[in-house]
A.B. asks: 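What follows is a single structure, and I will ask about it in a moment.
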2 protein chains.
Amino acid sequence: MGKCTPESLLEGRNIKITRQRQIVLGAIIDTGKPFSASDLHESLGNEMDLATIYRNLEMLCGEGIIRQVMNEKERQYYELACIHNPEHPHFYCNICGKIYCMKQDKPMRLKKRLPGDFTVEQTVLQYRGICPDCSKE
Amino acid sequence: MGKCTPESLLEGRNIKITRQRQIVLGAIIDTGKPFSASDLHESLGNEMDLATIYRNLEMLCGEGIIRQVMNEKERQYYELACIHNPEHPHFYCNICGKIYCMKQDKPMRLKKRLPGDFTVEQTVLQYRGICPDCSKE
DNA sequence: GGTCTAAATGCAAGTTGTTCGCAATTAAAG
DNA sequence: CTTTAATTGCGAACAACTTGCATTTAGACC
Ligand SMILES: [Mn+2]
Ligand SMILES: [Mn+2]
Ligand SMILES: [Zn+2]
Ligand SMILES: [Zn+2]
């Protein structure tokens with residue numbers, strides 16, 4: 001919620017500040033949009049090991065610094081947790097696959113939430129939680 | 001929208017009615033719930049080739065007989081198109097991973113859409129369509 | 001600054017869900 | 001009954017991750 005530098009996001013957490021963590025977090029902060037592991041990998045010139053990127057993404061999720069963005073099949077997307085509230089809608093482009101964060105979670109006209117020129121073709125709504133079968137342990 | 005037998009779903013479509021298609025469609029009709037390729041494979045005793053199942057699922061999607069159900073990572077789920085309207089919410093159990101179809105797409109209290117004993121922990125909303133970058137070809 | 005150690009990294013190999021190439025089989029048209 | 005294009009089964013290939021392990025390194029302690 002604070003300044004958003006790699007160091008500020010990691011401080012006070014008992015996590016080693018390695019060179020690759022600074023680079024990965026720097027890239028995440030720079031993009032500002034939902035990203036995948038391979039987006040990161042490419043944006044860093046394909047130099048860092050993918051396993052290192054995956055391990056750091058997992059760690060950052062565990063710390064609540066980033067969160068997973070729901071995406072049908074394909075690859076997993078993530079977003080920086082401090083820039084949006086936990087449950088907001090996303091716009092997914094059926095052509096280029098880019099994912100856009102949308103404002104507002106409360107009932108409101110779609111047009112007001114999406115700047116013009118977005119054409120909505122499908123809406124996906126999914127609730128996640130615990131089903132009756134699993135409630136009775 | 002009609003009776004829902006393997007033959008009725010395939011008729012008038014210029015598609016060969018093979019033994020495995022009848023078996024696959026039969027199983028899909030029987031389950032009535034969202035299913036994955038491996039759900040089908042197992043429910044058929046692991047006898048049919050998985051590639052055949054995948055190829056038929058792809059064909060059935062193309063024909064609009066089944067449709068993909070959004071699911072975060074893991075495997076792809078599908079549902080029979082004729083039993084629900086195209087855009088309805090789903091409930092995903094965080095423990096067993098089962099996916100439940102929910103009634104209603106219109107604003108309405110969650111409690112009325114989910115029979116009791118479902119605990120909602122997260123809500124995912126995703127719009128899919130064409131973004132501004134892709135609108136200008 | 002130098003030493004030490006647990007944690008992190010890079011590399012290679014493994015896993016999982018899905019797709020593809022190809023020869024053998026089969027639905028269904030004639 | 002023929003014929004043939006579509007479909008199937010099988011194995012190999014793929015893509016996105018994940019894991020094991022030897023090497024490196026951050027940073028705690030001197
Ligand atoms: Mn977002
Ligand atoms: Mn459904
Ligand atoms: Zn686009
Ligand atoms: Zn459950």
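Every chain is numbered from 1, with letters handed out A, B, ... down the list of sequences.
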A.B. asks: For a 4.5 angstrom cut-off between non-hydrogen side-chain atoms, does A:Val69 reach A:Tyr92?
C.D. replies: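 Result no, sub-4.5 Å side-chain heavy-atom pair not found.
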A.B. asks: Among residues 22-43 of chain B, which contact DNA chain D at a heavy-atom distance under 4.0 Å?
C.D. replies: none
A.B. asks: Report yes if some heavy atom in the side chain of A:Met70 is under 4.5 Å from a heavy atom in the side chain of A:His90; otherwise report no.
C.D. replies: no
A.B. asks: Which angle, to the nearest 10 degrees, lies between the helix axes at the two ends of the helix from C:dG1-D:dC30 to C:dG30-D:dC1, each defined by five pairs?
C.D. replies: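 That helix has its two terminal axes inclined by roughly 30°.
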A.B. asks: DNA chain C: A:Asp49 or B:Ala51, which has the more 5' nearest nucleotide?
C.D. replies: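 So the residue in question is A:Asp49.
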A.B. asks: Go through the structure and list residues passing side chain to side chain contact (heavy atoms under 4.5 Å, CB included) with B:Leu80, not counting sequence neighbours.
C.D. replies: B:Cys4, B:Leu9, B:Ile28, B:Ile29, B:Ile65, B:Ile66, B:Cys82, B:Ile83
A.B. asks: Taking the ring of A:Tyr127 and the ring of B:Phe118, is the distance between their centroids below 6.0 Å?
C.D. replies: no
A.B. asks: Mind calculating the distance between CG (B:Leu44) and P (D:dG9) to the nearest angstrom?
C.D. replies: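 It is 11 Å, rounded to the nearest whole Å.
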A.B. asks: Looking just at side-chain N and O atoms, do B:Gln20 and B:Asn56 make a donor-acceptor pair shorter than 3.5 Å?
C.D. replies: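 Their side chains do not contain a donor-acceptor pair, so the 3.5 Å distance test is not met.
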A.B. asks: How many whole angstroms separate atom CG of B:Asn46 from atom P of C:dG17?
C.D. replies: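 So the two atoms are 13 Å apart, to the nearest Å.
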A.B. asks: Would you please say whether a donor-acceptor pair under 3.5 Å links the side chains of B:Gln22 and B:Glu7?
C.D. replies: yes
A.B. asks: Side-chain contact, heavy-atom cut-off 4.5 Å: B:Phe35 with B:Leu57?
C.D. replies: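 In contact.
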A.B. asks: Has B:Gln122 got a side-chain atom pairing as donor or acceptor with A:Arg128's backbone, closer than 3.5 angstrom?
C.D. replies: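 Checked: no pair found.
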A.B. asks: Given side chains that start at C-beta, do those of B:Asp39 and B:Thr31 come closer than 4.5 Å, heavy atoms only?
C.D. replies: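 The answer is no; the side chains never approach within 4.5 Å.
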A.B. asks: With clusters built from Ile, Leu, Val, Met, Phe, Trp and Tyr whose side-chain heavy atoms come within less than 4.5 Å, directly or transitively, what are the remaining members of the cluster of B:Ile130, listed by chain and number?
C.D. replies: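 Its cluster mates, by chain and number, are A:Ile95.
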A.B. asks: Rounding to an integer number of Å, can you tell me how far A:Met48 CE sits from C:dT9 C1'?
C.D. replies: 10 Å
A.B. asks: Please check if the side chain of A:Ser36 supplies one atom and the backbone of A:Arg75 the other of a donor-acceptor pair under 3.5 Å.
C.D. replies: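 No, the answer is negative, given that no donor and acceptor are paired below the 3.5 Å cut-off.
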A.B. asks: Compare side-chain N and O positions of B:Tyr54 against OP1 and OP2 of C:dT18 and report whether any pair is under 4.0 Å apart.
C.D. replies: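 The answer is yes; a side-chain N or O of B:Tyr54 sits under 4.0 Å from OP1 or OP2.
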A.B. asks: What is the separation between atom CZ on B:Arg75 and atom C1' on C:dT15, rounded to the nearest whole Å?
C.D. replies: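 Distance, rounded to whole Å: 13 Å.
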A.B. asks: Using a 4.0 Å heavy-atom cut-off to protein, can you give one letter per nucleotide of nucleotides 22-30 of chain C, 5' to 3': B if the base is in contact, S if only the sugar-phosphate is, - if neither?
C.D. replies: ----BBS--
A.B. asks: When the distance from CD of B:Glu63 to P of D:dT7 is rounded to whole Å, what number comes out?
C.D. replies: 10 Å
A.B. asks: Once you round it to whole Å, what is the distance between C1' of D:dC10 and CD1 of B:Ile53?
C.D. replies: 14 Å
A.B. asks: Starting from C1' on D:dA26, measure out to CE on A:Met59 and report it in whole angstrom.
C.D. replies: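 The answer, rounded to whole Å, is 14 Å.
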A.B. asks: Quick one: list whatever passes side chain to side chain contact (heavy atoms under 4.5 Å, CB included) with A:Arg67, sequence neighbours left out.
C.D. replies: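 Checked A:Arg67 against side chain to side chain contact (heavy atoms under 4.5 Å, CB included); matches are A:Glu79, A:Ala81, A:His84, A:Pro86, A:His88.
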A.B. asks: With nearest nucleotides of DNA chain D determined for B:Arg21 and B:Glu47 from heavy-atom distances, which residue corresponds to the more 5′ nucleotide?
C.D. replies: B:Arg21
A.B. asks: On the nucleotide D:dT8, are OP1 or OP2 found under 4.0 Å from the side-chain N or O atoms that B:Asn56 carries?
C.D. replies: yes
A.B. asks: Tell me the interatomic distance from A:Glu58, atom CD, to D:dC17, atom C1', rounded to whole angstroms.
C.D. replies: 11 Å
